[in-house]
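Per chain, numbering begins at 1; letters A, B, ... match sequence-line order.
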Amino acid sequence: MRLSRYFLPTLKETPSEAQIVSHRLMLRAGMVRQASAGIYSWLPLGFRVLKKIENIVHEEMQAAGAQPVLMPTLQTADLWRKSGRYDAYGPEMLRIRDRHDRDLLYGPTNEEQITTIMRDDIRSYRDLPRNLYHIQWKFRDEIRPRFGVMRGREFLMKDAYSFDLDFEAARKSYNIMFVSYLRTYARMGLKAIPMQADSGPIGGDLSHEFIILADTGESAVYADKRLLEMDPRADDIDFDADLEPIVKQWTSLYAATDEKHDPATCPLSADEMIEARGIEVGHIFYFGTKYSEPLGCTVSMPDGEKRLLHGGSYGIGVSRLVGGIIEASHDDAGIIWPDVVAPFDVALINLKSGDEACDAVANDLYAKLGDAGVEVLHDDRDERAGVKFADMDLIGLPWQLTVGPRGVKAGTVELKRRAGGEKHELSIDSALSRILDFET
RNA sequence: CGGAGCGUAGCGCAGCCUGGUAGCGCAACGGUCUGGGGGACCGUAGGUCGCAGGUUCAAAUCCUGCCGCUCCGACCA
C-alpha cells in the first residue's frame, strides 16, 4: 500500500478526551475515531488490526473444534423473556421497538439465541458435543464507558457456546476452550493468566477470567511467578485427548486479582510472586442447564429419555484486545505491534520520494516484498525524514526499511526493528533476505 | 447512579473572574529555501464561541435550562 494514497490521519497532538495510552495511540495513529461515548468507527489501519486478531481467533477456535456461525445483533424480547433475562439484565441492555411496536434488543450476548438454534435442530445424544461460535458486535449500555475501545458500549466479541450431555462432558468442552484460550493469547504475543472467577448461581469451579499483564491494566494482579514461565504453545495439543492435566497445571498455581487476593491466606512468599496489573480479555464459564431448561433444549437418549443439555459460554473481547495489546506493547514514540497482529509487516520509508535512484530502489523492494506475500506500507510521501520516522514509529510496524540517497549511493538500506530499535546498514539484498527469512 | 471538570478554527489551548463584538501554537492551502528524526521564512484561508432562553445599549464573558464529552467511585468482554 502506498501511504500517499492511504487514509492514515495521524495526529501530532493527543485529543483531550483520551486519557489512557492505548486510546491516545489509537487516535494518534489514525486507527479509530470516536462516534459517541464508547462507540467508535474503525479507520483502515485499525480495521486491519481488528481483522488480524479476528483471524487468529477464528483459526484457534476452529483448531479446537468450534465451528463459526453468525447470529444477528438484533434479538426479540420474547426470546429473552423466556430465559427471564429480559427483566434481569437491567438498563445495560439496549431496548428497541420496531414499527409494529414489537420489543427488540441489541444483543449483549447470545446464549438464548444459540440455545434456541440447538433446541430446534439437535435431536439426538449422537449429535453431541457441539461448539458453535461467532464474532459479532455486541452492545452493552455501560454506566460509564471509558478507556477507548477497552470499555466501549459497542464492541466486537467472540462468543462460543458448547453443548454437552452432562457435566463430565461439559467439563471436557470447558477444558478445550481453556487450553485454546491460552494458546490464542500466546500467539498474539500476550502473556495471559487464567484466574478463577465467580461462577454465579451455578457454583463450582468452572469459571475463569483470562488476564493479560500490562502496566496500565485496570486491576492489580497477584500470581505465582512460575505462571510466567509456562508456554502454552510449547507442545502440540491434541484437543481430543484428556486436557485435565494441562488445566490442572495452570489452575494449581496461585493467581488472583486484587478483589480476591488476601495477603493473609496467599501461599506465596514475596519472591515467589509477581505483582502486576492486568486487563481482562476473556472469560469462560460453565452454566449447566441454565438456558436449556427454560428454553426446552433437550436430546433423546438411547432409552428414549429426553435430557437437558449442559452448556458453557466462552468470550474473547476482540476489539478490547486491540487496546489491550497496545497497553502491553508500546513506548514513548508509539505502538509496537507484535508481528502477527501488525497491520502491515514492513514500513518501507523512501526518504527522498521523487529522486530517481531512491524511487527505483524503493519500488523494487516494494515489489519483491509484495511478491513474497509480505505486507508493506510504502511511505512514498513528499515529507521530511523526521515526519516519516515519527509516523512510522507511531503506527508501530515491526520492520522499518529506510531507503535514502546516502545509502542508495553506497548500495545500502537501513533496517530497523521497531521493538528494541536496533538499526543495521545492510546491502539491499541482505536486508531483503533478512525480512523474507523472518516473515515467510 | 453519586462526585468533579470541560465544551472557543481540523487538533492542542488562551480569552470568561472585571461585559465593548475573538486570539496563540500546530495542522491545511500558495510560494521560497531546505532535505537522514515532527525544519525555516513570507503569504492565504478557516469561527452559529455546544444549543436554547434571559439580563443588558452591548454577552464567548453574567444568569437559567438543556445537550454532549471526560475524569474519580460502585458494576462489566
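Of the P atoms belonging to B/C11 and B/G50, the separation is 13 Å, rounded to the nearest Å. Only the C1' atoms considered, B/G15 is 44 Å distant from B/A77, to the nearest whole Å. Annotation: B/U21 and B/G37 have their C1' atoms spaced 45 Å apart (nearest Å). Across B/U8 and B/G25, the matching C1' atoms stand 15 Å from one another, rounded to whole Å. Separating the C1' atom of B/A59 from that of B/A22 is a span of 13 Å, rounded to the nearest Å. The C1' atoms of B/G47 and B/G53 are separated by 22 Å, rounded to the nearest whole Å. Spacing between B/G36 and B/G10 at atom P, rounded to whole Å, works out to 34 Å. Of the P atoms belonging to B/C71 and B/G12, the separation is 14 Å, rounded to the nearest Å.
Less than 4.0 Å separates RNA chain B from at least one heavy atom of each of the following residues of residues 392-414 of chain A: A/D393, A/G404, A/P405, A/R406, A/G407, A/E414. For RNA chain B, the neighbouring residues in residues 12-28 of chain A, judged by any heavy atom under 4.0 Å, are A/K12, A/E13, A/T14, A/P15, A/S16, A/E17, A/Q19, A/R28.
In this structure, B/G36 makes no Watson-Crick or G-U wobble pair, since no nucleotide meets both defining distances under 3.5 angstrom. Across all strands shown, B/G46 remains unpaired; no Watson-Crick or G-U wobble contact has both distances below 3.5 Å. Base pairing annotation: B/A52 forms a Watson-Crick or G-U wobble pair with B/U64, both donor-acceptor distances under 3.5 Å. Pair check for B/C76 finds none; no Watson-Crick or G-U wobble contact set falls under 3.5 Å. For B/C57, the paired base is B/G20 (Watson-Crick or G-U wobble, both distances below 3.5 Å). B/A4 and B/U70 make up a base pair, with Watson-Crick or G-U wobble contacts both under 3.5 Å. Using Watson-Crick or G-U wobble geometry with both donor-acceptor distances under 3.5 Å, B/C41 finds its partner in B/G31.
Listed by chain and residue number, A/H208, A/F210 satisfy the ring pair (Phe, Tyr, Trp, His ring centres under 6.0 Å) test with A/F178 (two or more places apart in sequence, or in another chain). The ring pair (Phe, Tyr, Trp, His ring centres under 6.0 Å) test applied to A/F389 returns no partner, not counting sequence neighbours. Among residues two or more places apart in sequence or in another chain, the side-chain hydrogen bond (donor to acceptor under 3.5 Å, both in side chains) test is passed with A/R48 by A/E375. Taking A/F139 as the reference, A/Y106 meet the ring pair (Phe, Tyr, Trp, His ring centres under 6.0 Å) condition, with sequence neighbours excluded. With sequence neighbours excluded, no residue forms a ring pair (Phe, Tyr, Trp, His ring centres under 6.0 Å) with A/H310. Applying the side chain to side chain contact (heavy atoms under 4.5 Å, CB included) rule to A/T76 yields the partners A/D78, A/L79, A/L104; only residues at least two apart in sequence or on another chain are considered.
Residue contacts for A/D159: at a heavy-atom cut-off of 4.0 Å it reaches no nucleic acid atom on any strand shown. Using a 4.0 Å heavy-atom criterion, one finds that A/A385 contacts the sugar-phosphate atoms exclusively. Note on A/S36: only backbone sugar-phosphate atoms sit closer than 4.0 angstrom, heavy atoms only; bases stay farther off. Across all strands, A/D382 comes closer than 4.0 Å to base atoms (heavy-atom distances). Residue contacts shown for A/V281 are limited to sugar-phosphate atoms, with no base heavy atom under 4.0 Å away. No contact: A/G354 has no heavy atom under 4.0 Å from any strand.
A 4.0 Å heavy-atom criterion places the boundary nucleotides of RNA chain B facing chain A at B/C1 to B/A77, written 5' to 3'.
Between A/S319 and A/T10, the residue anchored closer to the 5' end of RNA chain B is A/T10, taking for each the nucleotide with the nearest heavy atom. Position along RNA chain B of the nearest nucleotide to A/L156 versus A/G38 favours A/G38 as the more 5'-ward residue.
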Under 3.5 Å donor-acceptor pairs involving side-chain atoms of residues 402-411 of chain A, not counting sequence neighbours:
none

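Residue A/K352 places its NZ atom among 12 or fewer non-hydrogen atoms of other residues, nucleotides or ligands, all under 6.0 Å distant.
Legend: side chain to side chain donor-acceptor pair (under 3.5 Å) pairs involving residues 180-191 of chain A, not counting sequence neighbours, sorted by first then second residue: A/E59-A/R187, A/E60-A/R187, A/K158-A/Y181. A side chain to side chain donor-acceptor pair (under 3.5 Å) check over residues 331-341 of chain A, counting only residues at least two apart or in different chains, returns the pairs A/D331-A/R418, A/D339-A/R417.
Seen from the ring of A/Y86, A/R95 counts as a face-on cation partner, given the 6.0 Å and 45° thresholds.
A tilted orientation is assigned to the rings of A/Y366 and A/H378, their planes being inclined by 30° to 60°.
The side chain to side chain contact (heavy atoms under 4.5 Å, CB included) with A/L74 is formed by just one residue from the set A/I96, A/L94, A/D98; it is A/I96.
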